[in-house]
Amino acid sequence: MAKLISIGEALIDRICYPDGRVIQLPGGAPANVALAVRKLGQDAMLITKVGEDAEGKLILDTLTPFNLHQNSLLTTNTHNTTIVEVTVAKDGQRTFQFDRRNAADLFITPEELPRDVFHKNDIYHFGSVDLVPSLTKEATLEGKRYAQEHDLILSFDPNLRFALWPNETMLRDTVLEHMVGVDILKISDEELPFLFPNTSEKDTIKTIFQQKIRVLIYSKGAKGVSLYTDQGFDFHLPAYPKKVLDTTGAG
């Protein structure tokens, strides 16, 4: 059975709510994707690195029961598990403050990629946090090249985190460069106008498919999600009307 191979950060979200409550939960977009796929009954693995600290132990204790190929859940005693301060506003919107000083997930090396598990028709999934200049960027792009050479499906979720980049131009240019030729692109209604400013939604979607992308998943918050393909198929699924308390980890 084909599987998902997700690479990138597994971290701790320290979530601060308007009423003063503070909770700590394992998170990180690549980890969330891999875990969601496993919960849907499909095979998935996560390539990540955490510190040998209390936060790293919490992440591993959470992930281990789901059998995400434990040999790819790497640990280090020289770097710390990333912590993200998530401040939730009354309307459910969030702001992020990353503590990535000496962060373990920046130090996944190309040599640590488990290439023997890359098989044809597997899905290789990555995001823009993986592309911040670091050893993990080198590993992510090596995995991308290897996936292309071995006929894997490429999946890219920009998942923009502005605070991690020296400037917005560098972030935009990096995302636009690495979205070209991926099979699946997941993008949100907040990210689309940043990446393609002063362009209508219809024209932007047309431009995306000119980048040799096969499938676009376009999430629109309260308006639901749409799926488009390079063959002209489109499908829209409306959102369920709910009072939003916190969208952290909701995808």
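In what follows, every heavy atom counts, from backbone to side chain, and hydrogens, waters and symmetry copies are set aside.
Applying the ring pair (Phe, Tyr, Trp, His ring centres under 6.0 Å) criterion to Phe107, with sequence neighbours excluded, gives His79.
Ring geometry for Phe118 against Tyr124 counts as tilted: the plane angle lies between 30° and 60°, on a 0 to 90° scale.
Between Phe233 and Tyr228, the ring centre distance reaches or exceeds 6.0 Å.
Taking the side chain as every heavy atom from C-beta outward, Phe156 and Ile187 never approach each other to under 4.5 Å. Under the 4.5 Å side-chain criterion, counting only non-hydrogen atoms from C-beta, Val117 is in contact with Met45. Looking only at side-chain heavy atoms (C-beta outward), Arg94 and Thr87 stay at 4.5 Å or farther from each other.
Both Val175 and Phe209 are assigned to one and the same hydrophobic cluster, defined by single-linkage of ILVMFWY side chains at heavy-atom distances under 4.5 Å. One hydrophobic cluster, built from ILVMFWY side chains closer than 4.5 Å, cannot hold both Val50 and Ile108; they sit in different ones. Ile47 and Val132 end up in the same hydrophobic cluster when Ile, Leu, Val, Met, Phe, Trp and Tyr side chains are linked at under 4.5 Å. Following chains of ILVMFWY side-chain contacts shorter than 4.5 Å, one cannot reach Ile184 starting from Met179, and the two form parts of different hydrophobic clusters. In the hydrophobic clustering of ILVMFWY residues, with side-chain heavy atoms under 4.5 Å counting as a link, Ile123 and Tyr146 come out apart.
Between Ser188 atom OG and Leu195 atom CG the span is 8.5 Å, to the nearest 0.5 Å. A distance of 6.5 Å separates CD in Glu168 from CZ in Arg172, rounded to the nearest 0.5 Å. Here the straight-line distance linking atom CD of Gln210 with atom NZ of Lys206 works out to 6.5 Å at 0.5 Å rounding. Glu191 contributes atom CD, which lies 4.0 Å from atom CG of Leu160 (distance to the nearest 0.5 angstrom). Atom CG of Asn71 is separated from atom CG of Asp116 by 7.5 Å, given to the nearest 0.5 angstrom. Thr229 contributes atom OG1, which lies 11.5 Å from atom CD1 of Ile217 (distance to the nearest 0.5 angstrom).
Using modelled atom types, one side-chain atom of Asn167 and one backbone atom of Thr169 make a donor-acceptor pair closer than 3.5 Å. Judged purely by atom type and a 3.5 angstrom limit, Thr48 uses its side chain to pair as donor or acceptor with the backbone of Gly8. Asn102 places a side-chain N or O within donor-acceptor distance of the main-chain N or O of Thr78, the cut-off being under 3.5 Å. With hydrogens and angles ignored, the 3.5 Å screen pairs a side-chain donor or acceptor of His236 with a backbone N or O of Val225. Judged by distance alone, with hydrogens and angles left aside, the side-chain atoms of Arg21 form no donor-acceptor pair with the main-chain N or O of Cys16 at under 3.5 Å. With Ser6 contributing its side chain and Val33 its backbone, the two residues share no donor-acceptor pair below 3.5 Å. Within the 3.5 Å criterion, the main-chain N or O of Ile208 finds no donor-acceptor partner in the side chain of Gln211. When atom types are taken as modelled, the side chain of Asp173 and the backbone of Met170 share no donor-acceptor pair closer than 3.5 angstrom. Between the side chain of Ser72 and the backbone N or O of Leu46 there is at least one donor-acceptor pair closer than 3.5 Å. Remark: the backbone N or O of Ala103 is not paired with any side-chain donor or acceptor of Asn80 at under 3.5 angstrom.
Because its NZ or CZ atom is not both nearer than 6.0 Å to the ring centre of Phe98 and within 45° of the ring axis, Arg161 does not count as a cation-pi partner of that residue.
By the 4.0 Å N-to-carboxylate-O rule, Glu52 lies too far from Lys57 to be salt-bridged with it. Checked for salt-bridge contact, Arg214 and Asp230 miss the test: no charged N lies under 4.0 Å from a carboxylate O. A salt bridge between Glu9 and Lys49 is absent, with no side-chain N of the basic residue lying under 4.0 Å from a carboxylate O of the acidic one.
Neither side chain, Thr174 nor Glu177, offers a donor N or O lying under 3.5 Å from an acceptor on the other. Residues Ser128 and Asn159 bring no donor and acceptor atom of their side chains to less than 3.5 Å of each other. At a cut-off of 3.5 Å, with distance as the only test, no side-chain donor of Ser155 or Lys186 sits close to an acceptor on the other residue.
Within 6.0 Å of atom CD in Glu190, 12 or fewer heavy atoms from other residues, nucleotides or ligands are found, so the atom counts as exposed in its surroundings. Residue-environment remark: CD (Gln97) stays at or below the threshold of 12 foreign heavy atoms within 6.0 Å.
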Between Thr136 and Asp130, does the side chain to side chain donor-acceptor pair (under 3.5 Å) criterion hold? Intermediate values first, please. CA-CA 6 Å; Thr136 295; Asp130 305 343; over 6 Å; no
For the pair Ile83 and Leu11, evaluate side-chain contact (heavy atoms from CB on, under 4.5 Å) and give the outcome as yes or no after the intermediate values. CA-CA 6 Å; Ile83 298 174; Leu11 47 77; over 6 Å; no
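Pairs passing the side chain to side chain donor-acceptor pair (under 3.5 Å) check and including a residue from residues 33-43, sequence neighbours excluded, read Asp43-His69.
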